[in-house]
Amino acid sequence: MKGIYRSKPPRPTYQTTWDVQPVLTYLSSLGTANNLDLKTLSLKLLMLVALVSAQRGQSLHILDITLMKQDESLFEFLLPEHVKQSRSGYTLPSIVLHTLPSDETLCVFNHMRAYINQTKPLKRE
């Protein structure tokens with residue numbers, strides 16, 4: 001077994017990382033949440049949530065507003081379903097989105113609030 005280990009030592013899954021700055025520059029150039037149409041707002045919000053929370057696509061897919069808690073400076077989502085990283089005896093942490101007061105164009109909290117307000121008329125009660 002030592003020979004196998006030495007001939008092919010374990011390597012990290014990811015050899016490199018990508019530069020997030022071009023993405024943030026583009027998202028910032030789109031403007032504030034209140035000036036975006038619903039499609040652009042949805043896509044920008046999804047990217048901001050992905051960057052802020054570092055969750056898998058499966059976790060982002062199951063985010064549900066009915067399982068969301070809202071505070072004056074954060075949104076907290078509970079994950080209701082089994083996800084890939086679930087295991088026996090382990091409770092998944094909630095996904096928390098905090099406000100970013102320094103840059104309104106990249107604040108996930110403001111974008112989430114604008115998304116909820118824009119989609120409210122579309123929902124059936």
Side-chain angles (χ1 to χ4, degrees):
M1 292 308 277
K2 272 188 181 180
I4 294 171
Y5 179 80
R6 287 184 180 153
S7 68
K8 195 168 185 167
R11 292 198 172 107
T13 305
Y14 302 106
Q15 298 293 330
T16 60
T17 57
W18 55 282
D19 186 14
V20 73
Q21 192 57 48
V23 176
L24 293 176
T25 302
Y26 172 73
L27 292 176
S28 184
S29 73
L30 294 175
T32 61
N34 298 327
N35 301 331
L36 300 175
D37 61 286
L38 184 57
K39 180 180 179 182
T40 307
L41 176 62
S42 300
L43 294 173
K44 184 176 178 181
L45 175 62
L46 177 63
M47 191 62 188
L48 288 172
V49 171
L51 289 172
V52 168
S53 67
Q55 293 292 320
R56 297 174 182 267
Q58 178 193 15
S59 299
L60 298 176
H61 177 74
I62 61 173
L63 292 181
D64 189 355
I65 290 178
T66 59
L67 298 173
M68 176 187 74
K69 296 177 188 174
Q70 182 178 357
D71 200 351
E72 61 269 353
S73 64
L74 63 87
F75 287 100
E76 182 178 8
F77 289 90
L78 303 174
L79 296 177
E81 299 178 22
H82 175 80
V83 292
K84 185 176 180 177
Q85 63 266 33
S86 297
R87 61 184 184 268
S88 179
Y90 177 74
T91 305
L92 287 173
S94 58
I95 298 174
V96 180
L97 308 174
H98 294 277
T99 186
L100 178 67
S102 62
D103 190 354
E104 193 174 317
T105 61
L106 295 176
C107 179
V108 69
F109 180 83
N110 290 342
H111 285 76
M112 181 63 76
R113 190 170 45 202
Y115 177 81
I116 291 169
N117 290 338
Q118 278 194 28
T119 57
K120 197 176 288 186
L122 304 174
K123 293 183 179 18
R124 288 184 239 164
E125 298 286 332

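Heads up: numbering here begins at 1 and tracks the sequence.
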Decide yes or no for [X] and [Y]: does some side-chain heavy atom of the first lie under 4.5 Å from some side-chain heavy atom of the second?
X: F109; Y: S73; result: no
X: S28; Y: L24; result: no
X: L27; Y: T105; result: no
X: F77; Y: V96; result: no

Practice problem: Please check if L43 and M112 belong to a single hydrophobic cluster, counting links between Ile, Leu, Val, Met, Phe, Trp and Tyr side chain heavy atoms closer than 4.5 Å. | Solution: no
Quiz item: Can you check side-chain contact (heavy atoms from CB on, under 4.5 Å) on L30 and N35, steps first, answer last?
Solution: CA-CA 9 Å; L30 294 175; N35 301 331; over 6 Å; no
Spatial distance of atom [atom1] ([X]) from atom [atom2] ([Y]) [nearest 0.5 Å]:
X: S53; Y: I95; atom1: OG; atom2: CD1; result: 5.0 Å
X: K120; Y: I65; atom1: NZ; atom2: CD1; result: 10.0 Å
X: T40; Y: L45; atom1: OG1; atom2: CG; result: 12.0 Å
X: Q70; Y: F75; atom1: CD; atom2: CZ; result: 4.0 Å
X: R113; Y: C107; atom1: CZ; atom2: SG; result: 7.5 Å
X: E76; Y: L74; atom1: CD; atom2: CG; result: 7.0 Å

Exercise. Check step by step if side-chain contact (heavy atoms from CB on, under 4.5 Å) holds for L36 and K44.
Key: CA-CA 9 Å; L36 300 175; K44 184 176 178 181; 3.8 Å; yes
Exercise. List the steps, then state whether side-chain contact (heavy atoms from CB on, under 4.5 Å) holds for L106 with L51.
Key: CA-CA 11 Å; L106 295 176; L51 289 172; over 6 Å; no
Exercise. Locate the shortest heavy-atom distance separating G31 from H111; write the atom from each residue and the value.
Key: O-NE2, 4.2 Å
Exercise. Work out which heavy atom in D37 is nearest to a heavy atom in Q118; give both atom names and the distance.
Key: C-OE1, 4.1 Å
Exercise. Run the numbers on N34 and T32 for side-chain hydrogen bond (donor to acceptor under 3.5 Å, both in side chains), then give the verdict.
Key: CA-CA 6 Å; N34 298 327; T32 61; 5.3 Å; no
Exercise. Go through V108 and V49 one step at a time and tell me if the side-chain contact (heavy atoms from CB on, under 4.5 Å) criterion holds.
Key: CA-CA 7 Å; V108 69; V49 171; 3.7 Å; yes
